[in-house]
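Reminder, nothing fancy here: chain letters follow the sequence lines and each chain counts from 1.
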Protein chains: 2
Amino acid sequence: MAGETRSKDLGKDLGKDLGKFGQLDFPRPLTTVDVVIFAILNDSLQVLLVQRPAGEGEPFPLGWALPGGFVDVAKDRDLAACAARKLREKTGVTSPYLEQLGSWGSATRDPRGWSATHAYFALIPDDAGELAPDARWFPLPGGRLKDKLAFDHGDILATAIQRLRNKVEYTSLPAYLMPAEFTLPDLQRVYEIVLDRPLEKSAFRTRILSADMIEPVAKMRRGPNRPAQLYRLKKGREPVYFVRTFNPPE
Amino acid sequence: MAGETRSKDLGKDLGKDLGKFGQLDFPRPLTTVDVVIFAILNDSLQVLLVQRPAGEGEPFPLGWALPGGFVDVAKDRDLAACAARKLREKTGVTSPYLEQLGSWGSATRDPRGWSATHAYFALIPDDAGELAPDARWFPLPGGRLKDKLAFDHGDILATAIQRLRNKVEYTSLPAYLMPAEFTLPDLQRVYEIVLDRPLEKSAFRTRILSADMIEPVAKMRRGPNRPAQLYRLKKGREPVYFVRTFNPPE
DNA sequence: CTAAGTAAGTTGGACTGTACAACTAAGTGT
DNA sequence: ACACTTAGTTGTACAGTCCAACTTACTTAG
């Protein structure tokens with residue numbers, strides 16, 4: 001990092017911070033964090049979006065965007081804390097699955113100047129906390145969002161969906177989308193919703209049960225037919241990685 | 001992103017950029033890009049590091065660090081271009097495998113202030129271009145570096161190694177570490193070096209050959225024993241993802 | 001009280017690809 | 001000619017999925 005010679009003619013007096021360190025008098029990109037928050041609602045994969053404010057000189061007024069915002073160098077110790085704060089502010093959820101997705105930075109993605117965003121993606125259960133008033137869930141039929149998003153958030157969302165689908169093939173990630181107690185057919189349905197294809201019942205059960213990620217509770221889900229065993233996530237479990245993917249179609 | 005109300009008492013006059021957009025008068029983190037560059041040299045996995053300058057007020061003077069530096073908002077169109085520039089400046093290589101690794105940002109990782117780095121990782125062949133004078137290859141025996149690195153670059157390197165090893169289990173990534181022409185035993189040796197464990201010869205060959213990623217050239221590698229078929233990467237091939245990992249030990 | 005219906009969960013044979021190990025092939029050096 | 005070494009193949013065992021049929025346990029209609 002740093003320490004290289006730089007052209008002095010870059011102009012602008014952004015980023016003046018000449019304490020004991022020199023060489024810092026050059027323009028700095030804007031730094032933001034955005035979070036792609038997924039949940040299963042109404043048997044479909046949905047993403048949480050917030051509406052942009054309509055204020056003076058706001059980019060993409062009233063457009064829909066990923067929850068996020070500038071890094072606050074006073075409040076945020078690090079990027080993950082910043083992402084967790086955004087998530088908490090919009091959903092009330094505090095301890096979900098939160099993973100870094102990647103970063104997007106360019107001269108043109110924000111009309112206010114060179115900017116870089118650090119994107120995270122989160123999985124939360126259906127029954128999680130209170131939604132912020134400017135936030136709304138959007139379904140993703142066929143893994144796509146109908147609407148255009150502000151900034152390059154469409155690209156970020158597409159990447160998040162791709163990553164989610166990809167990882168669901170060989171990990172236990174969907175477990176984080178489940179409520180506290182669930183049945184194996186429930187879990188299988190969530191896998192199928194995310195992957196958008198049916199899975200083999202017996203292979204699915206064998207795989208999940210031998211992964212040591214869930215444990216039965218002493219209750220059954222009752223319904224109009226044969227009751228199903230309820231399970232819960234073993235607490236403190238990291239996601240499990242399987243040595244095979246679910247066999248992909250063709 | 002953005003558009004939220006902010007405390008005005010953050011002080012500092014960094015990031016003044018009051019054109020048609022308001023709300024931008026708050027301190028901005030430093031933005032850098034770092035690249036973890038891997039190659040196989042002397043039958044072992046190595047990483048390229050550069051020595052920090054010793055100048056006035058430089059952090060970690062003469063320490064070893066990942067190649068990288070500040071984003072130059074005048075030169076760099078986007079983050080990937082910036083990473084490619086760093087790679088080119090240090091190694092002369094222009095078109096290798098370059099993948100985003102993640103980002104690290106916190107108040108404390110750089111003594112000059114709140115900073116965020118966008119880390120990339122690159123795989124280049126042994127026989128690639130000319131090394132910069134301040135750069136040196138460091139071996140990674142057992143997937144570890146002996147020396148301590150500047151900033152949090154030790155963490156970043158460890159993450160890169162982990163990601164590399166992980167992906168080598170189920171992808172064709174090692175192909176990008178190979179010279180233009182190579183034999184299957186050569187390739188297997190590289191897999192084994194990265195994974196630090198032996199692989200099954202017949203299963204390896206079946207897998208690689210059925211992945212349609214390499215093609216034979218009309219030559220054999222001659223040596224003191226049976227000649228081996230030479231192959232090259234099919235050009236323009238994206239990395240291949242296998243549906244199983246190599247069966248992990250125990 | 002029984003029969004039909006439905007979803008949960010199990011079982012077994014076919015198939016795919018790895019594990020392990022022995023084997024054949026093609027060159028060199030003595 | 002023979003040993004030696006590495007390239008590459010072959011065959012049996014095994015693990016886990018695929019596919020399909022089956023049993024189990026409950027509700028509801030008649």
Side-chain angles (χ1 to χ4, degrees), chain A residues 43 168-172 174 178 181-193 195 197-232 240-250, chain B residues 43 168-172 174 178-179 181-193 195-232 240-250:
Chain A
D43 257 27
V168 164
E169 292 278 0
Y170 60 92
T171 70
S172 63
M178 306 304 291
E181 296 185 349
F182 55 88
T183 68
L184 276 177
D186 289 346
L187 183 60
Q188 184 174 345
R189 217 161 293 131
V190 170
Y191 270 88
E192 291 172 341
I193 287 168
L195 292 178
R197 75 168 193 269
L199 296 179
E200 239 4 84
K201 184 165 52 163
S202 57
F204 180 83
R205 299 176 68 93
T206 309
R207 175 184 285 212
I208 299 293
L209 289 176
S210 63
D212 189 43
M213 50 184 266
I214 60 178
E215 55 191 1
V217 299
K219 272 188 291 183
M220 306 292 274
R221 150 100 32 98
R222 312 191 64 84
N225 39 41
R226 178 172 176 172
Q229 180 64 54
L230 280 167
Y231 293 87
R232 66 168 167 234
V240 177
Y241 287 74
F242 307 118
V243 299
R244 290 199 199 178
T245 63
F246 289 106
N247 272 31
E250 111 281 0
Chain B
D43 257 28
V168 165
E169 292 278 359
Y170 60 92
T171 71
S172 62
M178 306 304 291
E181 297 184 348
F182 54 89
T183 68
L184 277 177
D186 288 346
L187 183 59
Q188 182 174 348
R189 218 161 294 131
V190 171
Y191 270 88
E192 291 173 340
I193 288 167
L195 291 177
D196 198 27
R197 74 167 193 269
L199 295 179
E200 237 7 81
K201 184 167 50 164
S202 58
F204 180 83
R205 298 177 67 94
T206 310
R207 174 185 285 213
I208 299 293
L209 289 176
S210 63
D212 187 45
M213 50 184 267
I214 60 177
E215 55 191 2
V217 299
K219 274 188 287 182
M220 306 291 276
R221 151 100 31 99
R222 311 193 66 83
N225 38 40
R226 178 172 174 173
Q229 179 64 53
L230 279 167
Y231 293 86
R232 65 166 167 235
V240 176
Y241 288 73
F242 308 117
V243 299
R244 291 198 198 177
T245 64
F246 290 107
N247 272 31
E250 113 283 0

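Closest non-hydrogen pair, A:Val168 versus A:Phe246, comes out as O-CE1, 3.8 Å. Nearest approach of A:Gln229 to A:Met220, heavy atoms of both residues: OE1-SD, 3.4 Å.
One distance of note links OH of B:Tyr170 with OH of B:Tyr241; it measures 6.0 Å at 0.5 Å rounding.
For A:Arg205, the side chain to side chain contact (heavy atoms under 4.5 Å, CB included) partners at least two apart in sequence or on another chain are A:Leu184, A:Pro185, A:Lys201.
At whole-Å resolution of the value, CZ in A:Arg221 and P in C:dG9 are 10 Å apart. What separates CZ of A:Phe204 from C1' of C:dG9 is a distance of 14 Å, to the nearest Å. Per the geometry, CD belonging to A:Glu200 stands 13 Å off C1' belonging to C:dA14, to the nearest Å. Going from atom CZ of B:Phe182 over to atom P of D:dT6 covers 21 Å, rounded to whole Å. The CZ-P distance, from A:Arg222 to C:dG9, rounds to 13 Å in whole Å.
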Less than 3.5 Å apart, which donor and acceptor atoms pair up between the side chains of residues 211-219 of chain B and the rest of the protein, not counting sequence neighbours?
from: B:Asp212; atom 1: OD1; to: B:Lys234; atom 2: NZ; distance (Å): 2.4
from: B:Glu215; atom 1: OE2; to: B:Arg232; atom 2: NE; distance (Å): 3.1
from: B:Lys219; atom 1: NZ; to: B:Glu181; atom 2: OE1; distance (Å): 3.1

Please list, one pair per line, the donor and acceptor atoms closer than 3.5 Å that link side chains of residues 186-193 of chain B to other protein atoms, with sequence neighbours excluded.
from: B:Asp186; atom 1: OD1; to: B:Thr183; atom 2: OG1; distance (Å): 3.3
from: B:Asp186; atom 1: OD2; to: B:Thr183; atom 2: N; distance (Å): 3.1
from: B:Asp186; atom 1: OD2; to: B:Thr183; atom 2: OG1; distance (Å): 3.2
from: B:Asp186; atom 1: OD2; to: B:Arg221; atom 2: NH1; distance (Å): 2.9
from: B:Asp186; atom 1: OD2; to: B:Arg221; atom 2: NH2; distance (Å): 3.3
from: B:Gln188; atom 1: NE2; to: B:Glu192; atom 2: OE2; distance (Å): 3.2
from: B:Gln188; atom 1: NE2; to: B:Leu199; atom 2: O; distance (Å): 3.0
from: B:Tyr191; atom 1: OH; to: B:Thr171; atom 2: O; distance (Å): 2.7
from: B:Glu192; atom 1: OE2; to: B:Leu199; atom 2: N; distance (Å): 2.9

With 3.5 Å as the limit, what N/O pairs link the protein to nucleotides 14-16 of chain D?
from: D:dG16; atom 1: O4'; to: A:Arg244; atom 2: NH2; distance (Å): 3.2

If you restrict it to nitrogen or oxygen atoms, what contacts under 3.5 Å exist between nucleotides 7-12 of chain D and the protein, and what is each distance?
from: D:dA7; atom 1: N3; to: B:Arg226; atom 2: NH1; distance (Å): 2.9
from: D:dG8; atom 1: OP1; to: B:Gln229; atom 2: N; distance (Å): 2.7
from: D:dG8; atom 1: OP2; to: B:Arg205; atom 2: NH1; distance (Å): 3.3
from: D:dG8; atom 1: O5'; to: B:Arg205; atom 2: NH2; distance (Å): 3.2
from: D:dG8; atom 1: N7; to: B:Lys201; atom 2: NZ; distance (Å): 2.6
from: D:dG8; atom 1: O6; to: B:Lys201; atom 2: NZ; distance (Å): 2.9

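Cation-pi contact between B:Arg207 and B:Phe242: present, with separation from the ring centre below 6.0 Å and deviation from the ring axis of at most 45°.
The pair B:Arg197-B:Glu169 counts as a salt bridge, with a side-chain nitrogen and a carboxylate oxygen less than 4.0 angstrom apart.
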